[in-house]
Amino acid sequence: MKKEIVSVMMAACLFASLATGCGTANESETSSKSGSEAASVTSASEEAAGAVSKSGETTTDGERADLVLGATTGFFGAESLDVAYNWDGWIMSIYGISENLYRLDENIEPQPWIAESVETPDENTWVFTIRDGVTFSNGKTVDAKAVKACFERTYEKNERADSTLKIKSMEADGMKFTIVTPEPNPTLLNDLCDPLLGIYDATEEPDEELGVSCTGPYVATSFTAMTDVKMRANENYWGGAPKADTVELKIIDDQDALDMALANGEIDLIAQETANGASKFTDTSKYTTDTVTTTRANFLSFNLKTEGLDDLAVRQAINYCIDREGYADVVYQGFATPCYGIYPDNLAFGGTDGLNLTVDSYDADKAKEILADAGYQDTDGDGILDKDGVNLSFKVLTYSYNDNCIQLADMLQAELSQIGIELSIETQDVLDDPLASGDFDLAILNYAMAPIGTPSYFINMLFTTGASNNYGGYSNEKVDALAAEIGTTSDNDKVVSLTRELEQQVLDDMPFAFVADQQLIFVYSNKVKGVQINPTEYYLVTNTLSVDCLLYTSPSPRDMRRSR
């Protein structure tokens, strides 16, 4: 109940605060409503506005930015503006602050960017020519020495770097930057597109607030971790003057409040919108909805160190209790596809063709049968199955801001209770620490699985022994050997074949349960121009984004209540 009250107050506050954009907000249609109804809305708005202005959480200092974008923590949430820290390079790429030597196009194919070309004198050596005229936002020239220093710092600061791209040695000579790999790596150009390998000036200590100097079209002017970033156009940008002078990105984790912010003109675009949210903006004279099939998936990760979950039979039973079709159709409203394999079927190595699926449907009765055959019984009559004194009682961890994941947790909790498994739900804004410490039994996660277009990205992050995000402790020698072979194979058909073999082993072991592959949804005002939605999800703020000076018309309170 408390959460609903807060949601209504936030929505009321946003309704009361009409952003002007380039023009002036029109008078609301509330004057046509009854006096009591208008008074009620006004009172709620004033109370909420007062509470928010005291906390300062949703107010914007100074003038409104030319372009204001909104999303939840999952899409915009950075802890710092340091490319080398944790996953913040990903977010800085979305912000339009950082860029890479190569960039992925709409077909997830690498194209020259900060590097203008590459030569390969042998299968382990890659010689890049850095593009002339590229500077960091602080005005310093980007040359091979600067790129080398950047990579050295990133590899020192972030343990994911080595699994992202293994480097034996690097050399810098003028504008020639050479990478030597320990073994052949046919996907090196794809690997270089990972935002962790974004280019920044490593010769200066990062600013405590504004982070490192990069090469992108925008530069941060203020930053509040996990809350808000304000930016101005990078006057030194090599790729052409950005069309919008100022941009602000706001994190609004309450979905109703986020949608209301777009409806009343406080923001101009919602990134990674939900299906339910998109259904509120069907008026094509005012709004545009863009979607693209990505490689992002919802899945369960099992902690194999948890008693009960170390039993394959229990993991199989849980897998059978996931209503993938219902989840994709009801929660995602068709903007997702049920998944029984691992990778989505828009990838050459995705889908389930040729795989032997242990679980290929929702079947609660089969789950009960598996548990009974494995010796699980309710010996004390408490409704929870047990064996050898251990109850099948688990904690599932997921994101506090991801409504789709929370709904999956709710669905799974209800389904498992029917077969004698107790599931409690815990949500947190940032999952890295509890996952790394093993403080979970199951985790419902949402990852992009092949954003650089290769199977190795996800394999080396989750499936191999000791991988950076292999929080559940999965280890299989065959999987490790196949992963190594995939990473050094240049024949595409063989890569697909090896990946299929690896997928089969992972599906047999069942350390994870893959649920649904989703689409990326952007909804934005028609005054926003130059939006380029990319299946990698890496790029949002570019120098092409612009905004027309259109007037906003605020929706009536009654209309917004209907939309909710």
Side-chain angles (χ1 to χ4, degrees), residues 82-85 88-90 92-93 96-105 109-206 211-217 234 236-239 452-454 456-457 487-488 490 536 538-539:
D82 185 348
V83 173
Y85 181 76
D88 289 345
W90 185 304
M92 290 175 67
S93 176
I97 294 176
S98 66
E99 299 178 315
N100 291 46
L101 293 179
Y102 271 66
R103 185 184 183 99
L104 294 159
D105 63 17
E109 294 290 338
Q111 304 297 333
W113 205 251
I114 301 302
E116 66 178 5
S117 63
V118 64
E119 298 175 1
T120 52
D122 61 65
E123 61 183 1
N124 287 34
T125 305
W126 301 71
V127 182
F128 297 91
T129 300
I130 305 303
R131 190 182 300 274
D132 284 330
V134 179
T135 63
F136 296 113
S137 58
N138 59 15
K140 293 183 181 180
T141 298
V142 178
D143 57 14
K145 183 179 179 181
V147 174
K148 181 174 181 287
C150 166
F151 278 20
E152 287 172 343
R153 179 179 180 272
T154 295
Y155 276 72
E156 177 186 348
K157 297 287 185 181
N158 196 309
E159 65 178 11
R160 286 195 300 111
D162 190 59
S163 62
T164 300
L165 172 60
K166 293 186 182 300
I167 295 178
K168 180 179 179 181
S169 64
M170 295 182 288
E171 293 181 10
D173 181 13
M175 303 301 280
K176 299 291 186 180
F177 173 58
T178 301
I179 292 176
V180 179
T181 59
E183 62 270 322
N185 180 1
T187 64
L188 184 140
L189 295 182
N190 296 75
D191 298 338
L192 283 173
C193 296
D194 189 305
L196 175 59
L197 301 181
I199 307 304
Y200 59 90
D201 182 9
T203 65
E204 293 185 353
E205 283 297 314
V212 294
S213 295
C214 300
T215 68
N234 179 3
N236 296 315
Y237 187 55
W238 63 274
I452 60 173
T454 68
S456 293
Y457 176 92
T488 58
S490 57
T536 66
Y538 289 159
Y539 321 116

Self-check item: Counterpart residues, salt bridge (Lys or Arg N to Asp or Glu O under 4.0 Å), relative to Glu171 (two or more places apart)
Solution: none

Exercise. Please identify each residue that fulfils salt bridge (Lys or Arg N to Asp or Glu O under 4.0 Å) with Glu204, with sequence neighbours left out.
Key: Lys140

Quiz item: Does the side chain of Glu152 come within less than 4.5 Å of Glu156's, by heavy atoms?
Solution: no

Quiz item: Distance only, no hydrogens: is a donor on one side chain within 3.5 Å (strictly under) of an acceptor on the other, for Tyr200 and Thr154?
Solution: yes

Quiz item: Taking only residues two or more places apart in sequence or in another chain, which ones pass side-chain contact (heavy atoms from CB on, under 4.5 Å) with Ser98?
Solution: Val83, Met92, Ser93, Cys214

Quiz item: If you take all heavy atoms of Thr215 and Phe136, which pair is closest and at what distance?
Solution: CG2-CD2, 3.8 Å

Self-check item: Results of ring-ring contact (aromatic ring centres under 6.0 Å, His included) for Phe151 - residues two or more places apart only
Solution: Phe177

Quiz prompt | Nearest atoms (heavy-atom pairs only) where Thr141 meets Ala146 | solution = O-CB, 4.3 Å

Self-check item: Results of salt bridge (Lys or Arg N to Asp or Glu O under 4.0 Å) for Asp82 - residues two or more places apart only
Solution: Arg153

Quiz prompt | Residue pair Gly174 / Asp143: nearest heavy atoms and the distance that separates them | solution = O-CB, 3.6 Å

Quiz item: What residues, two or more places apart in sequence or in another chain, satisfy salt bridge (Lys or Arg N to Asp or Glu O under 4.0 Å) together with Lys145?
Solution: none

Quiz item: Taking all atoms of both residues into account, what is the closest heavy-atom pair of Ala202 and Ala149, and its distance?
Solution: CB-O, 3.6 Å

Quiz item: Is there a side-chain contact between Pro206 and Val212, using heavy atoms and a 4.5 Å cut-off?
Solution: yes

Practice problem: Output the distance between atom OG1 (Thr129) and atom CG (Leu101), rounded to the nearest 0.5 Å. | Solution: 11.0 Å

Please list every donor-acceptor pair under 3.5 Å in which a side-chain atom of residues 188-199 meets a protein atom from a residue at least two apart or in another chain.
unit_1 : atom_1 : unit_2 : atom_2 : d
Asn190 : ND2    : Ile452 : O      : 2.7
Asp191 : OD2    : Asn185 : ND2    : 3.0
Asp194 : OD1    : Leu196 : N      : 2.9

Practice problem: Measure the spacing between OG1 of Thr181 and CH2 of Trp126 and express it to the nearest 0.5 Å. | Solution: 8.0 Å

Quiz prompt | Exam field: side chain Asn124 to backbone Val180, donor-acceptor pair closer than 3.5 Å | solution = no

Quiz item: Roughly how far apart are Thr135 OG1 and Asn236 CG, rounded to 0.5 Å?
Solution: 4.0 Å

Quiz prompt | side-chain contact (heavy atoms from CB on, under 4.5 Å) partners of Pro186, counting only residues at least two apart | solution = Ser490

Quiz prompt | Where at least one partner belongs to residues 160-169, residue pairs that pass salt bridge (Lys or Arg N to Asp or Glu O under 4.0 Å), sequence neighbours excluded | solution = Asp162-Lys166

Practice problem: Keeping to residues at least two apart or across chains, list the ring-ring contact (aromatic ring centres under 6.0 Å, His included) pairs with something in residues 152-172. | Solution: none

Going by atom type alone, with no hydrogens or angles, which donor-acceptor pairs under 3.5 Å involve a side-chain atom of residues 111-121 and a protein atom two or more places apart or on another chain?
unit_1 : atom_1 : unit_2 : atom_2 : d
Gln111 : NE2    : Asp105 : OD2    : 3.0
Trp113 : NE1    : Glu99  : OE2    : 3.1

Practice problem: List for me each residue that meets ring-ring contact (aromatic ring centres under 6.0 Å, His included) alongside Trp90, sequence neighbours excluded, and say none if there are none. | Solution: Tyr538

Quiz item: Nearest heavy-atom pair of Gly133 and Trp238: which atoms, and what distance?
Solution: O-CB, 3.7 Å

